[in-house]
There are 2 protein chains.
Amino acid sequence: MSESCKTYHECCLYFTANSLARQINEMAEDAFKITGLAPSYAHLMLLLIEEPGLSQNILSKRMNLKASTMTRFIDKLMQKGYVERVQEGRSVYIYPTENGKNLKKSINQALSILFDNYCEVMGEEFAVKLTEDIHKANTILKE
Amino acid sequence: MSESCKTYHECCLYFTANSLARQINEMAEDAFKITGLAPSYAHLMLLLIEEPGLSQNILSKRMNLKASTMTRFIDKLMQKGYVERVQEGRSVYIYPTENGKNLKKSINQALSILFDNYCEVMGEEFAVKLTEDIHKANTILKE
DNA sequence: GCACAACATTTGTATGTGCAACTAATATTA
DNA sequence: TAATATTAGTTGCACATACAAATGTTGTGC
């Protein structure tokens, strides 16, 4: 462990990463209210709008979620009429509907609001750098 | 948004932070098996061993969890005989039992294993720096 | 071409977590 | 001091998420 750490809570990536996720989730839920979707569903819709026809398998890998969780996410988005499933063999490919595609604008708006909100408290430079580093860590951890 | 970002998924702190939390949780669950506790319970026990007698309110603030979640965590830890509640007025103070205190060694061991594991993939320097930055972000976000 | 392995998805179940409404204790204030 | 507001904790409910087992599909070796 790093000698400069006062407590384990500050120097364990597990503790700090979870804490950050909970705090930023709170901000995100707020910002994404205008889309009518929870932030994680909005994230998924964005992936699908950018690249329609991804399989559930790929989607779960992209979002670091388990396949079973993805099934349930897609169920919800189908209920709302934002996506449709196309089964081919053992894979299921997901396409956004017209209504789904129309979400793009408000999702981007929400992202922008969220970004402004956390930059306001953390400073843009630090926020951008932190996000890049976390992204880098994610990439490494995925092997 | 930062111009250097290829996709929103890489430059939104919400997306990246959640992804990291899920990945590191997976590693942590593994490492903490030797303690017989889920990582978050271990975290809580560590706080209590270091500072016995914290109120549930304080505990939930320290861990960035809601009070209701803390009630349930403490319920579980009581069932296992690791902590006891002492009500005083409207506050409830939590103390580790002897059995609870005895967890300290294996929790520290698990922390050490976890640390080694993520350092092995990410490199120690990067991991320590990242953890510090995330901790800094947490502190700022708590206001 | 059949038996079996590998893979994608689904479903049942369990746990973590939050919100809103509730209870109980304390503080404020008229 | 009675009435009201604030605070700490609990409980009922909802949802996110994982794991394990089940289902259905494709590929492989014989």
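Computed over heavy atoms, backbone and side chain alike; hydrogens, waters and symmetry mates excluded. Every chain is numbered from 1, with letters handed out A, B, ... down the list of sequences.
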Integer-rounded Å distance: [N] [atom2] and [X] [atom1]:
X     : N      : atom1 : atom2 : value
B/D75 : C/dG16 : CG    : P     : 12 Å
B/Q79 : C/dT15 : CD    : P     : 10 Å
A/L65 : D/dC15 : CG    : C1'   : 14 Å
B/L54 : D/dG9  : CG    : C1'   : 16 Å
A/M78 : C/dT9  : CE    : P     : 14 Å
A/R72 : D/dC15 : CZ    : C1'   : 11 Å
B/E29 : D/dC19 : CD    : P     : 7 Å
B/M70 : C/dT17 : CE    : P     : 9 Å

Looking across every strand, which nucleic acid part, if any, lies under 4.0 Å from B/Y41 by heavy atom: base, sugar-phosphate, or nothing?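 Touches sugar-phosphate only.
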
Any side-chain to backbone donor/acceptor pair from A/N138 onto B/T16? Under 3.5 Å, distance only.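 Looks like yes, one N/O pair under 3.5 Å.
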
B/S19 (side chain) donor-acceptor with B/F15 (main chain) under 3.5 angstrom: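 No, the answer is negative, given that no donor and acceptor are paired below the 3.5 Å cut-off.
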
Taking the nucleotide of DNA chain D with the closest heavy atom to each, which residue, A/A67 or A/G89, is nearer the 5' end?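 In this pair, the answer is A/A67.
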
Could you tell me whether [X] and [Y] have a side-chain N and a carboxylate O separated by less than 4.0 Å?
X     : Y      : value
B/E26 : A/K66  : yes
A/E98 : A/K101 : yes
A/D75 : A/R85  : yes
A/E50 : A/K104 : no

Would you jot down, in residue-number order, the residues of residues 30-38 of chain A having a non-hydrogen atom under 4.0 Å from DNA chain C?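 Correct list: empty, so none.
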
What are the residues of residues 17-28 of chain A, sorted by number, that bring a heavy atom to within less than 4.0 Å of DNA chain C?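 The answer is A/R22.
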
Would you call the rings of A/Y41 and A/F73 parallel, tilted or perpendicular, taking 30° and 60° as the class edges?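 Parallel.
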
How close do B/K142 and B/K61 get, heavy atom to heavy atom, and via which atoms?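 So the two residues come closest at NZ-O, 3.7 Å.
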
Counting only heavy atoms not in A/E120 (residues, nucleotides, ligands), do more than 12 fall under 6.0 Å from its CD?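 It does not: A/E120 CD has 12 such atoms or fewer within range.
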
Specify the residue among A/R85 and B/S68 whose closest nucleotide of DNA chain C lies further upstream toward the 5′ end.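 Closer to the 5' end of DNA chain C: A/R85.
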
Can you tell which of A/L37, A/I49, A/L77, A/V83 makes a side chain to side chain contact (heavy atoms under 4.5 Å, CB included) with A/L44?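 Exactly one pass, corresponding to A/L77.
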
[N], OP1 or OP2 - any side-chain N/O from [X] closer than 4.0 Å?
X     : N      : result
A/K76 : D/dC15 : no
B/T69 : C/dG16 : no
A/K66 : D/dA20 : no

Whether B/K136 engages the ring of A/F126 as a cation-pi pair (distance to the six-membered ring centre under 6.0 angstrom, angle to the ring normal within 45°) should be assessed.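 Ring-cation test returns yes.
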
Can you check whether A/E88 reaches A/V86 side chain to side chain, under 4.5 Å on heavy atoms?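 Contact flag for A/E88/A/V86 side chains = yes.
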
Where do N or O atoms of nucleotides 6-8 of chain C meet protein N or O atoms at under 3.5 Å, pair by pair?
residue	atom	partner	partner atom	Å
C/dA8	OP1	A/N57	ND2	2.9
C/dA8	OP2	A/N57	ND2	3.4
C/dA8	O4'	A/R90	O	3.3
C/dA8	O3'	A/R90	O	3.3

